[in-house]
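Inspection log for the structure reproduced underneath, given as structure tokens.
Lettering follows sequence order; numbering is per chain, from 1. Side-chain atoms are counted along with the backbone in the values below, which use heavy atoms only and exclude waters and symmetry mates.
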Amino acid sequence: MPKKSRNTKTGGEILIFDNQYIQERIKKTKKLREIGINPYPNQIKKGMPSKHFLAENEILKELDAEVKKDETKHYTLTGRIKFVRIMGKAAFAKIEDNDGLVQIYYNRDDLPEGYYNDVVKKLFEVGDIIEAKGFPFVTQTGEITLHCTEVNIVSKAIFPLPEKFHGLQDQELRYRQRYLDMIMNPHVKETFVMRSKVVSLVRRFFEEKNFLEVETPMMHPIPGGANARPFITHHNALDVERYLRIAPELYLKRLIVGGMEAVFEINRNFRNEGMDHTHNPEFTMIEFYWAYHRYTDLMNITEELFDYLFDNLGLDRKLPYGEIKIDFTTPFTKVPYIEALTTIGGIPAEITKDKVKILAYLKEHKIEADENLTLGYLQAELFDAFVEEKLINPTFITDFPVDISPLARRSDDNPDIAERFELFMAGKEIANGFSELNDPIDQYERFKAQVDTKEATGDDEAMHMDTDYVKALSYGMTPTAGEGIGIDRLVMMLTNQHSIRDVLLFPAMKPEAPRPELQPLCDVETICKKCGHDVAEDLKPAKKGKGMFCIDVAACKQRAQEKAK
RNA sequence: GACCCGUUAGCUCAGCUGGUAGAGCAAUUCACUUUUAAUGAAUGGGCCCUAGGUUCGAAUCCUAGACGGGUCACCA
């Protein structure tokens, strides 16, 4: 049998199982069936959580007897076998459930006739999920253990687990096979339990403040609410392009126009940009909008939220983050944007307010910048290069240049700055909030300025003109403050994780490297029935009947037309 | 996108200036009725990421590529 076609079928056998270890395990599975044991039974109930079992039998350790045990008690435990130590006619194993490891003991004489030698010892192994019934005792080395009178298979594993001591180290496998990572590296689960708690608490916090949770579209006709490149998809029935949302902002503010005075949404945004340790193409944000409030109120409620999270998670206000320590004690420091350039970034004040001087300063420090950028954008270049990474403890940077804040309200005192802040910690942006721009004419002009920027600098992340949104504002929106908080990055801070991939259950990965011989056999027709297009990646099978059709309907039509000519 | 590092048994990793591919765990067989990464003995297990090149000979050297990790750039 050829060894080289992992993903194909040959002779009716699926060859991902073509491996000595897997074959051994499949043999054992078959043997179980032969002797009338279903390796995948359906009627098993979860046993007592291992933690409860251990806690409840802690008292056995106090017994004065030679053998510390209580045969009057009966327990059922369930879990995955992580270790097996067979010593002839008796054996110890450790099984793991959601709470952790617990030891079980079984021997030839206390199990049904022949069951130990023929079944448990030979056919149960590390990786299998089992059910164990018996009474508690304490071993000579002082470990509370279940002495089994019955052991049953719950689910047979036909793939072996990684090595028991070193576990699964390979980062790639850890991300691609997260379930295996979770089986082998218990702390991984802790991080995601923490993440779940954070999301839940954030939701509860806003609900308790009478915010309404809403769900707005994820497929947008015009991408908006942030500066970012969107993913593009196609709606077949309408034959239109749709953009996966880069932010929910503009829809949430439409709801404020509609009279909802406090709303929030926690969900994914999608940005078609580079990936690194702080960027995943899909990421989770909470955005909330609060009528009759200003950006200063947002800073207060943000501090309140952090206190709420830390109190409910029982976390110390000073948390380690790699080499550094972050002090989350509220209130957080507040520094105006331009001031931060000087006090934190160390840039002479006279430079920070002059385009020509900034360009010279940037050049001096070997930072490339487009000369067509406006003052605000140039100040942003300075901020990114000299300030951002120095913001370790939570810091609100306030009063942003208005031209880099196209959706924020101008300050009544100074038309060049916006009522906006961003919250930074450990050199990373965590939140962004502002008093919302509710002047429809001003909003129109700002969109237009974005479109102009796009033309002047080719910045394809600048915003699009969204006249539908301007129309909504034109009906009148109450003065409103709105904020977005990056949940992934927040969880990174709270769990001392330095890669966003470690707080995402299934981070985005490139497709696995294809091995040439392993390509699936393709015996169906490989050209589009309508236009004759023959690039396999562009084709999909017909919904009904046979044949292939183009995924991109518009392109298909065009090809068909050209062919007709 | 640029640079650096990695890819060898199911897993964790060795493999020197090029000379028949190694260990531990795991697996198979045997011994062992309180072990703690159980122990002892024997056996089996490799497209050395892929494709080219240099060479009498390549896991090893060269070129290109794939995937992963890191640094930087991009992402206000």
- Item | Which residues share a side-chain contact (heavy atoms from CB on, under 4.5 Å) with A:Q171, sequence neighbours left out |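 Checked A:Q171 against side-chain contact (heavy atoms from CB on, under 4.5 Å); matches are A:R174, A:Y175.
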I need the full list of salt bridge (charged side-chain N to carboxylate O under 4.0 Å, His left out) pairs touching [range], with sequence neighbours left out, sorted by first then second residue.
range                       : value
residues 141-152 of chain A : A:K94-A:E143
residues 267-281 of chain A : A:R268-A:E282
residues 119-132 of chain A : A:R25-A:E125, A:R25-A:D128, A:K28-A:E125, A:E125-A:K156, A:D128-A:K156

Looking only at non-hydrogen atoms, find the nearest pair between [X] and [Y] and report the distance.
X      : Y      : value
A:L437 : A:D442 : CD1-OD2, 3.6 Å
A:P162 : A:L168 : CG-CD1, 4.0 Å
A:P186 : A:E96  : CG-OE2, 4.4 Å

Given the [atom1] atoms of [N] and [M], what is the spacing between them in whole Å?
N     : M     : atom1 : value
B:U43 : B:C47 : C1'   : 25 Å
B:A73 : B:G1  : C1'   : 8 Å
B:G70 : B:G10 : C1'   : 27 Å
B:G69 : B:U63 : C1'   : 23 Å
B:C25 : B:U20 : C1'   : 26 Å
B:C13 : B:U55 : C1'   : 30 Å
B:U39 : B:C48 : P     : 32 Å
B:A59 : B:G15 : C1'   : 8 Å

- Message: Other residues, nucleotides and ligands only: do more than 12 of their heavy atoms fall within 6.0 Å of NZ on A:K355?
- Response: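 Yes, enclosed.
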- Message: Counting only heavy atoms from other residues, nucleotides and ligands, does the tally under 6.0 Å from NZ of A:K82 exceed 12?
- Response: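 Yes.
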Starting at [atom1] of [X] and ending at [atom2] of [N], how long is that distance when rounded to a whole Å?
X      : N     : atom1 : atom2 : value
A:D110 : B:U34 : CG    : P     : 12 Å
A:I86  : B:U28 : CD1   : C1'   : 13 Å
A:L146 : B:U34 : CG    : C1'   : 14 Å
A:D128 : B:A26 : CG    : P     : 15 Å
A:Q20  : B:U29 : CD    : P     : 13 Å
A:R25  : B:U28 : CZ    : P     : 8 Å
A:Q23  : B:A9  : CD    : P     : 19 Å
A:K94  : B:U35 : NZ    : C1'   : 9 Å

Return the set of residues passing ring-ring contact (aromatic ring centres under 6.0 Å, His included) with [X] (not counting sequence neighbours), or none when no residue passes.
X      : value
A:F288 : A:F206, A:F211
A:F396 : A:F332, A:F421
A:Y337 : A:F383, A:F400

- Given RNA chain B, 5'-ward residue of the pair A:Y105 and A:H166, judged by closest heavy atom: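 Its nearest nucleotide being more 5', the pick is A:H166.
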- Message: Please verify the inter-ring angle class for A:F270 with A:F231; under 30° counts as parallel, over 60° as perpendicular, anything in between as tilted.
- Response: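 Perpendicular: the ring planes of A:F270 and A:F231 meet at over 60°.
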- Query: So which pairs with a foot in residues 110-138 of chain A pass ring-ring contact (aromatic ring centres under 6.0 Å, His included), sequence neighbours left out?
  - Reply: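 Only A:Y105-A:F137, A:F135-A:H147, A:F137-A:H147 qualify under ring-ring contact (aromatic ring centres under 6.0 Å, His included).
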- Task: Go through B:A38, B:A27, B:U35 for me and flag the one nearest to the A:T145 side chain.
- Result: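 Per side-chain heavy atoms of A:T145, the pick is B:U35.
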- Considering only heavy atoms, which members of residues 158-165 of chain A lie under 4.0 Å from some atom of RNA chain B?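 Those residues whose heavy atoms fall under 4.0 Å from RNA chain B, taken from residues 158-165 of chain A in numerical order, are A:P162, A:E163, A:K164, A:F165.
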- Task: Within residues 352-362 of chain A, find the residues that approach RNA chain B with a heavy atom at under 4.0 Å, and present them sorted by residue number.
- Result: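 Heavy-atom cutoff 4.0 Å gives no residues at all.
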- So, do A:T191 and A:V503 sit near enough that their side-chain heavy atoms are less than 4.5 Å apart?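 Touching, per the 4.5 Å side-chain cut-off.
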- Message: In the structure I gave you, are the side-chain heavy atoms of A:L123 and A:I35 within less than 4.5 Å of one another anywhere?
- Response: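 Yes, close enough: below the 4.5 Å cut-off.
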- Query: Nucleotide by nucleotide, 5' to 3', does protein get under 4.0 Å of the base (B), only the sugar-phosphate (S), or neither (-) in nucleotides 68-76 of chain B, counting heavy atoms?
  - Reply: SS---BBBB
- Note on the structure: Taking Watson-Crick and G-U wobble contacts under 3.5 angstrom, with | marking pairs to another strand and [ ] crossing pairs, the secondary structure of RNA chain B is written (((((((..((((.....[..)))).(((((.......))))).....(((((..]....))))))))))))....
- Would you classify A:G167 as touching base, sugar-phosphate or nothing, given that sugar-phosphate means primed atoms plus P, OP1 and OP2, and contacts are heavy atoms under 4.0 Å?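 Answer is sugar-phosphate: A:G167 comes under 4.0 Å of backbone atoms only.
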- Is A:Q140 side chain donor-acceptor paired with the B:U35 base, going by distance under 3.5 Å alone?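 No, the side chain and the base share no sub-3.5 Å donor-acceptor pair.
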- Message: I want to check one thing: is the phosphate of B:U28, taken as OP1 and OP2, less than 4.0 Å away from some side-chain N or O of A:K28?
- Response: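 So the side-chain polar atoms of A:K28 do come within 4.0 Å of the phosphate oxygens OP1 or OP2 of B:U28, strictly under.
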- Message: Quick check on B:A38: is either OP1 or OP2 less than 4.0 Å from any side-chain nitrogen or oxygen of A:R85?
- Response: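 A:R85 to B:A38 OP1/OP2: side-chain N or O found under 4.0 Å.
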